[in-house]
Amino acid sequence: MALAVMLLNGASFHGGYCRHKVLLSLLGPLLSHSKLYSSYRRPGAEPEKKLSWQNADFSFKKGIDHLKTQLSLLKKETQDYLQGSGGHPVSQHLLEQTRVLWQFRSQEDLNEWVISSDVEIGGKSKVYIKLGRNNQAALLYGTLNTEVPRDGETKYSGYCSMRSRPAV
């Protein structure tokens, strides 16, 4: 503060230009205690002793609402930007991942499946499929036998499989 006053007192005129006006414009906010709002008050009224941040409305609900709005906008922009497989939006890709492809509710649903084992090539494994107790699932069961047939060519044996029929 003393340095600023000393600079203003030592200011001189040079070529019709007053240096102290420039210094005053630069240092003015530091020297004065002016407020950012109107400083008028009624005569006889006590001066307001609130700091500027105390006038702000800190509402928790408004803050949460604003945060929700901003996060929803960020989510929308991110979803619009990201691409899933095949160039589709990610939201569509995620919905397709939860798509029900097969249901096991009746015998007709089980007929859409092909079961096989190594019996077809001379093995001794057996496999069966049946509907579960609650008609909500399929049960694949059987015997897996890894005994190698004595044909002289086969080195490994024993498999069971279940596959869906190709879509027409």
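Numbering starts at 1 and runs along the sequence shown.
Residue Y141 places its OH atom among more than 12 non-hydrogen atoms of other residues, nucleotides or ligands, all under 6.0 Å distant.
For W102, the ring pair (Phe, Tyr, Trp, His ring centres under 6.0 Å) partners at least two apart in sequence or on another chain are W113. The salt bridge (Lys or Arg N to Asp or Glu O under 4.0 Å) search around K62 returns D57, not counting sequence neighbours. Scored by the salt bridge (Lys or Arg N to Asp or Glu O under 4.0 Å) test, K61 finds D65 as partners (sequence neighbours excluded). Taking S106 as the reference, E108 meet the side-chain hydrogen bond (donor to acceptor under 3.5 Å, both in side chains) condition, with sequence neighbours excluded. Partners of D109 under the salt bridge (Lys or Arg N to Asp or Glu O under 4.0 Å) rule, at least two apart in sequence or in another chain, do not exist in this structure. For K126, there are no salt bridge (Lys or Arg N to Asp or Glu O under 4.0 Å) partners at least two apart in sequence or on another chain. Under the side chain to side chain contact (heavy atoms under 4.5 Å, CB included) criterion, E46 pairs with no residue, sequence neighbours left out. Not counting sequence neighbours, K75 has no partner by the side-chain hydrogen bond (donor to acceptor under 3.5 Å, both in side chains) test.
Taking CG from L139 and CZ from F104, the interatomic distance works out to 11.0 Å, rounded to the nearest 0.5 Å. Annotation: the span from L74 atom CG to T69 atom OG1 amounts to 12.5 Å, rounded to 0.5 Å. Atom CG of residue L71 and atom NE2 of residue H66 lie 10.0 Å apart, to the nearest 0.5 angstrom.
One hydrophobic cluster holds both L110 and L140 under the rule that ILVMFWY side chains link at heavy-atom gaps under 4.5 Å.
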Atom pairs and distances, side-chain donor-acceptor, residues 145-152, under 3.5 Å, sequence neighbours left out:
{"unit_1": "N145", "atom_1": "OD1", "unit_2": "E147", "atom_2": "N", "d": "2.9"}
{"unit_1": "E147", "atom_1": "OE2", "unit_2": "K124", "atom_2": "NZ", "d": "3.0"}
{"unit_1": "D151", "atom_1": "OD1", "unit_2": "E153", "atom_2": "N", "d": "3.1"}
{"unit_1": "D151", "atom_1": "OD1", "unit_2": "T154", "atom_2": "N", "d": "3.0"}
{"unit_1": "D151", "atom_1": "OD1", "unit_2": "T154", "atom_2": "OG1", "d": "3.2"}
{"unit_1": "D151", "atom_1": "OD2", "unit_2": "T154", "atom_2": "OG1", "d": "2.8"}

May I have the list of side-chain donor-acceptor pairs in residues 129-137 shorter than 3.5 Å, sequence neighbours left out?
{"unit_1": "N134", "atom_1": "OD1", "unit_2": "Q136", "atom_2": "N", "d": "3.1"}
{"unit_1": "Q136", "atom_1": "OE1", "unit_2": "R105", "atom_2": "NH1", "d": "2.9"}

Considering only distance and modelled atom types, tabulate donor-acceptor pairs under 3.5 Å from the side chains of residues 157-167, sequence neighbours left out.
{"unit_1": "S157", "atom_1": "OG", "unit_2": "D118", "atom_2": "OD2", "d": "3.0"}
{"unit_1": "Y159", "atom_1": "OH", "unit_2": "S117", "atom_2": "O", "d": "3.2"}
{"unit_1": "S161", "atom_1": "OG", "unit_2": "S116", "atom_2": "OG", "d": "2.6"}
{"unit_1": "R165", "atom_1": "NE", "unit_2": "N111", "atom_2": "O", "d": "2.9"}

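Counting all heavy atoms, side chain and backbone alike, V127 lies closest to I115 at O-CD1, 3.7 Å.
Here F60 is tied into one hydrophobic group with I64, each link being a pair of ILVMFWY side chains closer than 4.5 Å.
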